[in-house]
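I have placed the structure first, in the form of structure tokens, so that the comments after it can refer back to it.
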Amino acid sequence: MATSGNRIVVFLQENKTVDFACRSLAAWGADVAQLATVLTAAPDYDQPHDRSAWVHFRTGDYPAVRTQLDNDALLPFYAWLGKTFTFADHHVGIGSNSTSGHLFAIGGQTPTLKNPPFGPGGPNWDMPSIFTHAQRAGIDWAAFPDQDGYPTKFFTELIAPAAQPHIHPVAAGQPDPFVTMAANGTLPPLVYAWSPTGYDEHPPFQGSDPGYLSRGHDFIWRRVDAVVKAGLWATTTFILAYDDWGGYADHVVTPNIETAVDALHPTGFQLIGGSRLPLFVFGGRVTQGLHRGWSTHASLPKTIIDLLGLGPFGIPRVDTAPSFAGHVAATTVRPSPPAFGTPITQPTPPKRRPKPVTPPPFPGKLDQPLGPVILNGGKTLPAPKDAIVRKTPPKVPKQALQ
């Protein structure tokens with residue numbers, strides 16, 4: 001379903017689950033736990049959230065951090081978006097941590113289940129990306145990775161000279177090229193935008209940084225506001241998603257779609273889907289309501305394919321993925337969001353709280369072994385087996401127990 005004149009902007013932030021970050025959306029029918037204690041300040045610490053931690057969480061011998069934000073107070077712009085546009089409360093990530101989630105969002109697959117060393121450089125793989133797929137169809141694109149090129153630098157085709165005019169790294173404390181391009185009216189039809197370190201909502205790895213959550217939230221709000229001020233709201237569809245679960249508990253048991261092997265599970269253990277991650281679809285043409293089905297990060301490139309009228313991607317996981325395109329109406333013009341920095345009045349919830357609806361089963365086969373990574377030129381790599389899963393579960397941070 002191609003929508004004429006549409007622009008798609010994908011934001012990817014860090015480390016949230018639905019239960020942790022979306023409490024108030026339960027009043028609109030989202031399946032969100034209602035914990036007795038609600039945080040009025042963001043947790044000022046990181047916690048285990050690698051593949052090993054998630055496996056132990058899923059097997060039941062690690063509780064993860066079971067806590068919940070007052071999202072109306074701490075993430076008011078996101079809360080407003082979720083109530084006004086489309087919220088996917090059954091969107092699942094990979095049962096691991098950051099890098100695999102980002103790669104999955106760009107191309108629907110990952111060759112690794114652990115994070116390469118952060119900083120400049122690192123490995124790259126000759127995998128297809130949604131950017132090159134769009135470019136072959138004559139559609140311009142832009143990617144805004146962090147200051148080190150993370151995560152686009154892991155794609156061989158995106159570090160090639162031909163791709164560099166489309167890559168715009170974003171460094172903390174420097175002018176944001178996304179805002180500049182929006183103001184100039186030069187944002188192309190396809191955009192993925194990450195945030196620099198300190199603005200991506202990731203809790204501090206060490207030490208204290210109590211402002212990390214509001215800083216990241218405001219960074220996204222400024223970017224959306226720049227699109228609105230440039231007069232591009234009516235023709236832009238935004239998707240705000242997260243890379244991984246961040247070590248936060250979520251009460252919904254997710255479908256076992258694909259499995260990966262590790263030292264404790266030589267025949268495989270659930271990888272896709274991982275925990276539920278918040279996902280918001282919003283923009284001038286996006287309707288209000290809940291996305292009622294299961295989805296994965298493969299749904300991001302699939303939605304782009306549908307909205308831009310692209311041909312098949314060639315990765316079965318993407319080409320058969322559920323799409324969010326049905327929430328974008330060609331003739332709808334929805335109200336623009338509050339301007340950055342202005343007070344946000346949350347919508348009045350329904351008089352009768354809708355009951356959460358159990359989604360239909362995930363389409364396709366379940367409990368399938370993770371298949372090979374499909375490379376450009378018809379080559380493949382074996383499915384990743386590099387996840388380290390330890391015999392003993394990690395420990396919940398002391399700060400979470402206080």
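Bear in mind the structure is a predicted one, so any value in this text is a computation, not a measurement.
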Nearest 0.5 Å, please: how far is [atom2] in [Y] from [atom1] in [X]?
X      : Y      : atom1 : atom2 : value
Asn71  : Leu74  : CG    : CG    : 8.0 Å
Asp72  : Ser24  : CG    : OG    : 3.5 Å
Ser275 : Asp250 : OG    : CG    : 6.0 Å
Thr99  : Tyr150 : OG1   : OH    : 3.0 Å
Asp244 : Arg51  : CG    : CZ    : 12.5 Å
Trp28  : Asp89  : CH2   : CG    : 14.0 Å

The test is side chain to side chain donor-acceptor pair (under 3.5 Å); show your working for Gln135 and Trp141 and say whether it passes. CA-CA 7 Å; Gln135 188 168 347; Trp141 60 277; 2.7 Å; yes

Establish, yes or no, whether a centroid distance under 6.0 Å links the rings of [X] and [Y].
X      : Y      : value
His166 : Phe131 : no
Phe178 : Phe11  : yes
His49  : Trp245 : no

Side chain Thr287, main chain His327, donor-acceptor under 3.5 Å: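 The answer is yes, because a donor-acceptor pair under 3.5 Å joins these two groups.
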
Is a side-chain donor or acceptor of Gln34 paired with a backbone partner of Arg23 at a separation under 3.5 angstrom?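 Such a contact is found between Gln34 side chain and Arg23 backbone.
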
How close do Pro196 and Asp146 get, heavy atom to heavy atom, and via which atoms?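 Heavy atoms of Pro196 and Asp146 come nearest at CA-CB, 4.2 Å.
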
Nearest atoms (heavy-atom pairs only) where Ala21 meets Pro278: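 For Ala21 and Pro278, the tightest heavy-atom pair comes out as CB-CG, 4.4 Å.
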
Using the test side-chain contact (heavy atoms from CB on, under 4.5 Å), find all partners of [X] that sit at least two apart in sequence or belong to another chain.
X      : answer
Ile315 : Gln109, Pro128, Phe313, Arg317, Val318, Ile374
Asp209 : Asp44, Pro204, Tyr212, Arg215
Pro393 : His56, Asp61, Tyr62

Considering only heavy atoms from C-beta outward, does the side chain of Pro203 approach that of Pro43 to under 4.5 Å?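 Of all side-chain heavy-atom pairs linking Pro43 with Pro203, none is under 4.5 Å.
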
If you apply the rule side chain to side chain donor-acceptor pair (under 3.5 Å), what do you find for Thr236 with Arg7, and how did you get there? CA-CA 5 Å; Thr236 302; Arg7 175 182 300 98; 3.0 Å; yes

According to the side chain to side chain donor-acceptor pair (under 3.5 Å) rule, which pairs have a member within [range], sequence neighbours left out?
range            : value
residues 357-373 : Asn256-Asp367
residues 188-197 : Gln13-Ser195, His102-Trp194, Gln147-Thr197
residues 262-274 : Arg58-Gln270, Thr254-Gln270, Asp262-His265

Should the ring pair Phe77 and His217 be called parallel, tilted or perpendicular, given that the plane angle runs from 0 to 90° and is split at 30 and 60?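 Geometry flag for His217 against Phe77: perpendicular rings.
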
Please say whether more than 12 non-hydrogen atoms of neighbouring residues, nucleotides or ligands are located less than 6.0 Å from CD in Gln206.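 No, because the 6.0 Å sphere around CD of Gln206 holds 12 heavy atoms or fewer from other groups.
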
Could you go through the ring pair (Phe, Tyr, Trp, His ring centres under 6.0 Å) check for His91 and His291 one step at a time? CA-CA 9 Å; His91 181 77; His291 180 80; 8.7 Å; no

Please name the residue in the list Lys83, Lys16, Glu201 that meets the side-chain hydrogen bond (donor to acceptor under 3.5 Å, both in side chains) test with Tyr78.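 Single pass found, and it is Glu201.
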
With a 4.0 Å cut-off on N to O distance, would you call Asp218 and Arg222 a salt bridge?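 Salt bridge flag = no for Arg222 with Asp218.
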
Between Lys114 and Asp386, does any side-chain N to carboxylate O distance fall below 4.0 Å?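 Salt bridge between Lys114 and Asp386, a charged N being under 4.0 Å from a carboxylate O: no.
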
